Amino acid sequence: EEFRSLFLNSRNQLISGETLQTGTVNRSVVYPRKIVERALHQHAVGVIVAHNHPAGTLTPSEEDITVTKAIKEALNTVDIKLLDHIIIGGSGYFSFNEKDLL
């Protein structure tokens, strides 16, 4: 798995995109603190995070849901909005925002 973050300005324009963690075939550990640090460094107002599921499944795991909540809460402490968490797998994607899970 690979975990990426997109950092956006106040107009939701891309400032930069970074790979924050590269994991194994079924796991990537990401730390909300690292996302906050990078977002502040980039002067971001919004963040989109994304990771892939190499096995192709699009259903978020309990760990995916838990880490999304932790990232959102961490970003909220510094007035940065988590705009979406996208899981990419197989021939499609899963958007936490589209499924009202943010």
Side-chain angles (χ1 to χ4, degrees):
E1 286 190 9
E2 186 173 286
F3 196 96
R4 294 189 51 86
S5 290
L6 303 174
F7 302 104
L8 305 157
N9 66 18
S10 60
R11 294 183 187 161
N12 286 337
Q13 296 170 318
L14 183 65
I15 298 169
S16 74
E18 299 179 11
T19 299
L20 293 180
Q21 184 67 35
T22 301
T24 63
V25 294
N26 64 353
R27 187 155 198 243
S28 179
V29 178
V30 64
Y31 299 100
R33 174 187 172 127
K34 174 100 172 168
I35 294 170
V36 171
E37 287 174 355
R38 297 306 304 150
L40 289 171
H41 178 76
Q42 297 293 339
H43 304 286
V45 174
V47 174
I48 297 172
V49 296
H51 78 281
N52 65 314
H53 280 179
T57 178
L58 294 176
T59 305
S61 67
E62 285 300 318
E63 186 175 350
D64 292 337
I65 293 167
T66 300
V67 77
T68 301
K69 288 178 185 176
I71 292 167
K72 181 179 178 179
E73 290 172 8
L75 288 169
N76 281 343
T77 66
V78 291
D79 296 321
I80 298 173
K81 187 171 182 174
L82 179 62
L83 299 170
D84 207 348
H85 180 172
I86 299 168
I87 298 171
I88 301 163
S91 61
Y93 72 95
F94 178 94
S95 164
F96 278 70
N97 186 37
E98 287 179 4
K99 301 294 184 184
D100 292 322
L101 293 175
L102 285 182

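Just so you know, residue 1 is the first one in the sequence shown, and it goes up from there. Just so we're clear, the structure is a prediction, and the values are computed from it rather than from any experiment. What you see below is based on every heavy atom in this structure, not just the backbone, and it leaves out hydrogens, waters and symmetry mates.
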Fill in: Residues L102, L82; criterion side chain to side chain contact (heavy atoms under 4.5 Å, CB included); working and verdict
CA-CA 8 Å; L102 285 182; L82 179 62; 3.9 Å; yes
Practice prompt. Take Q21 and E1, measure what side-chain hydrogen bond (donor to acceptor under 3.5 Å, both in side chains) needs, and give me the verdict at the end.
Written response: CA-CA 8 Å; Q21 184 67 35; E1 286 190 9; over 6 Å; no
Worksheet entry | Step-by-step side chain to side chain contact (heavy atoms under 4.5 Å, CB included) determination, H53 to L58 | CA-CA 7 Å; H53 280 179; L58 294 176; over 6 Å; no
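Separation of atoms CG (L101) and CG (D64) is listed at 11.0 Å; rounding is to 0.5 Å. To the nearest 0.5 angstrom, I71 atom CD1 is 7.0 Å from S5 atom OG. How far CD of E37 is from CG of L20: 10.5 Å, rounded to the nearest 0.5 Å.
Considering only heavy atoms from C-beta on, K81 stays 4.5 Å or farther from V45 through its side chain. Using a 4.5 Å heavy-atom cutoff, the side chains of I48 and I86 are in contact. Inter-residue side-chain proximity for I80 and V36 is flagged as unmet; no heavy-atom pair is nearer than 4.5 Å. No side-chain heavy atom of L83 sits under 4.5 Å from any side-chain heavy atom of V47. Inter-residue side-chain proximity for L8 and I15 is flagged as unmet; no heavy-atom pair is nearer than 4.5 Å. No side-chain heavy atom of I87 sits less than 4.5 Å from a side-chain heavy atom of Y93. In this structure, the side chains of N52 and F3 stay at 4.5 Å or more apart for every pair of heavy atoms. Counting heavy atoms from C-beta on, the side chains of H85 and F94 never come closer than 4.5 Å.
Not counting sequence neighbours, E73 has no partner by the salt bridge (charged side-chain N to carboxylate O under 4.0 Å, His left out) test.
Salt-bridge annotation for E18 and R38: present, with a side-chain N of the basic residue lying under 4.0 Å from a carboxylate O of the acidic one.
Between H43 and H41, the ring centre distance reaches or exceeds 6.0 Å.
When the shell of 6.0 Å around CD of Q13 is examined, it contains more than 12 heavy atoms from other residues, nucleotides or ligands.
No single ILVMFWY cluster, assembled from side-chain heavy atoms under 4.5 Å apart, contains both L14 and L40.
Between the side chain of D84 and the main chain of F96, a donor-acceptor pair closer than 3.5 Å is present.
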